[in-house]
Protein chains: 2
Amino acid sequence: MSRYDPSAFPPFAVTVDLVVLTVRDHALCALLVRRGEPPFQGYWALPGGFVRPDEGLAEAASRELAEETGLRAHSAPGHADTGVHLEQLATYGHPQRDPRMRVVSVAHLVLAPDLPTPRPGGDASSARWAPVGDLLGDAPADGVPLAFDHGRILADGVERARSKIEYSSLATAFCPPEFTVGELRRVYEAVWGVVLDPRNFHRKVTGTPGFLLPSGGTTTRQGGRPAQLFTAGGATVLNPPMLRPEA
Amino acid sequence: MSRYDPSAFPPFAVTVDLVVLTVRDHALCALLVRRGEPPFQGYWALPGGFVRPDEGLAEAASRELAEETGLRAHSAPGHADTGVHLEQLATYGHPQRDPRMRVVSVAHLVLAPDLPTPRPGGDASSARWAPVGDLLGDAPADGVPLAFDHGRILADGVERARSKIEYSSLATAFCPPEFTVGELRRVYEAVWGVVLDPRNFHRKVTGTPGFLLPSGGTTTRQGGRPAQLFTAGGATVLNPPMLRPEA
DNA sequence: TTAATAGTGTCTGTAAGACATTATAAT
DNA sequence: ATTATAATGTCTTACAGACACTATTAA
């Protein structure tokens with residue numbers, strides 16, 4: 001028989017982990033928190049915590065995000081408010097991923113505009129934005145990998161973000177409410193780690209219906225000729241997609 | 001404080017549910033099993049079961065698949081053996097999704113070639129292939145929705161399959177080890193519910209490097225002029241993708 | 001012969017890649 | 001003036017969509 005007696009189910013703990021990404025200083029960065037207790041005490045880890053008995057998974061992810069960053073998230077698409085993008089990423093349940101007990105973690109991906117500075121639980125020394133380039137690969141720049149299997153989770157989250165901005169308008173989630181074409185292009189360049197042709201990029205994004213809405217204003221915050229300001233349009237899917245260069 | 005005491009974690013059960021898809025008679029079909037016990041007794045549901053304390057999530061999904069269908073799955077890409085494709089789909093954890101207790105289910109997607117007939121646990125009357133067109137939407141053809149939130153899970157799995165065959169060679173997972181271009185085209189047509197131009201399709205799939213490998217043989221099992229037989233090539237990603245028609 | 005499917009070829013429109021050029025600000 | 005970025009335009013090439021046509025089998 002393949003089904004267990006539900007009243008004799010094995011003991012599982014369920015958590016949510018958050019891959020919170022933003023673009024700072026032309027680099028894709030992830031939010032990390034320092035662990036204050038064993039296991040992996042002193043290691044950097046993804047923010048997260050246990051799911052409560054009466055809350056859903058996205059709800060738990062939202063709550064943890066608010067508790068650790070003060071951000072309000074929305075998982076429904078098409079919003080133009082101040083909430084950041086949140087979506088379920090994947091679930092990690094290797095039997096030995098947590099040495100204490102059997103923990104199944106439902107990872108979520110959060111995309112946020114550049115934030116002033118992390119204020120996780122009010123303790124600034126225990127949180128930081130780290131460029132993902134320093135964290136991925138076999139040799140982390142710090143020399144110390146992330147706690148648990150968070151390196152793998154982070155890699156999966158980064159890959160999800162990199163592929164999703166190809167065929168969706170999700171790159172605008174990294175931008176403030178009003179942004180210029182150049183700022184959006186620098187988001188793509190930071191997330192993909194490439195250099196894009198400004199002229200072809202401008203033609204592509206302004207030529208895709210519903211991607212950008214002119215807000216009327218202009219800005220010179222980047223220097224040079226004043227640039228038109230836009231807000232994210234209603235379109236969520238890009239067809240044809242934005243092509244990611246090979247190298 | 002955002003973290004619970006791990007020794008006082010709330011009681012969760014963790015299950016895997018399977019969206020097993022195949023193409024039969026020119027239609028995309030999903031494997032359903034009939035529930036023999038409450039809740040939802042007599043309802044059709046997705047196959048699945050509890051994750052055991054010592055096994056991983058993909059491992060549990062593989063085991064349930066073997067138990068209920070006799071299929072052997074592999075989750076690594078690029079295989080050309082007899083195993084079917086298996087990947088994690090998403091996790092569903094609404095607090096009231098199971099009336100008995102708090103159950104978090106990690107859904108998996110399985111793509112398989114057309115199978116002789118379901119032999120789930122040896123009881124043929126309790127399993128069937130159902131065309132997904134009859135199951136999705138507000139009015140299921142049977143008049144009765146699936147158990148639990150399995151209608152939503154199935155819809156998500158179908159959408160995943162529909163989008164993934166656009167930019168990957170995953171459609172070959174619906175084909176036998178050797179297949180013709182026409183058979184592969186009929187897979188696309190069944191999964192997407194559209195009619196594709198045979199000539200443009202032939203040009204596209206044979207012109208994409210690594211998608212198809214000529215096996216040397218030919219077949220006339222479809223009638224008409226003998227068709228070349230192919231096996232799945234090593235390529236997993238299609239660039240540029242196969243475009244899904246609008247309507 | 002007829003009908004079915006397989007395979008190849010041609011034309012056209014769309015859009016991406018690779019450029020040049022002009023426009024408008026700060027210094 | 002110089003330099004920075006913004007915005008528009010041109011040319012070429014790749015490729016999808018929409019066709020026509022020939023090839024090879026079974027009934």
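Reckoned from all heavy atoms, side chains included, excluding hydrogens, waters and symmetry mates. Per chain, numbering begins at 1; letters A, B, ... match sequence-line order.
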### Task
Report which part of the nucleic acid Pro240(B) touches: base, sugar-phosphate, or nothing (heavy-atom distance under 4.0 Å, all strands).
sugar-phosphate
### Task
Check whether any side-chain N or O of Arg203(A) sits under 4.0 Å from OP1 or OP2 of dC19(C), and answer yes or no.
no
### Any donor-acceptor N/O pair under 3.5 Å between dA20(C) base and Arg199(A) side chain
yes
### Task
In whole angstrom, give the distance that lies between atom CZ of Arg244(B) and atom P of dA16(D).
16 Å
### Task
Establish, with yes or no, whether the OP1 or OP2 oxygen of dT8(D) is under 4.0 angstrom from a side-chain nitrogen or oxygen of His202(A).
yes
### Euclidean distance, atom CZ of residue Phe201(B) to atom C1' of dT8(C) [Å, nearest integer]
17 Å
#### Entry: Any side-chain heavy-atom pair of Asp17(A) and Pro47(A) under 4.5 Å
no
### Query
What is the distance, rounded to the nearest whole Å, between atom OH of Tyr188(B) and atom P of dA16(D)?
12 Å
### Summary
Side-chain atoms of Asn200(B) come closest, of dG17(D), dA6(C), dA16(D), to dG17(D)
### Message
On DNA chain D, does the nearest nucleotide to Val181(A) precede the nearest nucleotide to Asp197(B) from the 5' side, or the other way round? Give the residue.
### Response
Val181(A)
#### Entry: Whole-Å distance separating the CG atom of Leu184(A) from the C1' atom of dT5(D)
16 Å
## Note on the structure
Numerically ordered, the residues 206-229 of chain B set in heavy-atom contact under 4.0 Å with DNA chain D is Gly224(B), Arg225(B), Pro226(B)
### Derivation of the side chain to side chain contact (heavy atoms under 4.5 Å, CB included) call for Leu213(A) and Phe230(A)
CA-CA 5 Å; Leu213(A) 287 179; Phe230(A) 295 88; 5.8 Å; no
### Query
Less than 4.0 Å between a side-chain N and a carboxylate O, is that true for Glu68(B) and Arg34(B)?
no
### Distance in angstrom units between Leu243(B) CG and dA14(D) C1', rounded
13 Å
### Task
Answer yes or no: is there an ion pair linking Glu166(B) with Arg160(B), defined by an N-O contact shorter than 4.0 Å?
no
#### Entry: Residue pair Val23(B), Arg186(B): steps toward the side chain to side chain contact (heavy atoms under 4.5 Å, CB included) verdict
CA-CA 9 Å; Val23(B) 174; Arg186(B) 277 178 281 275; over 6 Å; no
### Message
Using whole Å, what does the distance between atom P of nucleotide dA16(D) and atom CG of Asn239(B) come to?
### Response
10 Å
### Query
Does any pair with a residue in residues 154-187 of chain A pass ring pair (Phe, Tyr, Trp, His ring centres under 6.0 Å), and if so which ones, sequence neighbours excluded?
none
### Query
Any donor and acceptor pair, going by atom type alone, linking the side chain of Thr231(A) with main-chain N or O of Pro177(A) inside 3.5 Å?
no
### Query
Phosphate oxygens OP1/OP2 of dA16(C): is one of them under 4.0 Å from a side-chain N or O of Lys204(A)?
yes
### Message
Output the rounded distance in Å from CG (Leu196(A)) to P (dA16(C)).
### Response
13 Å
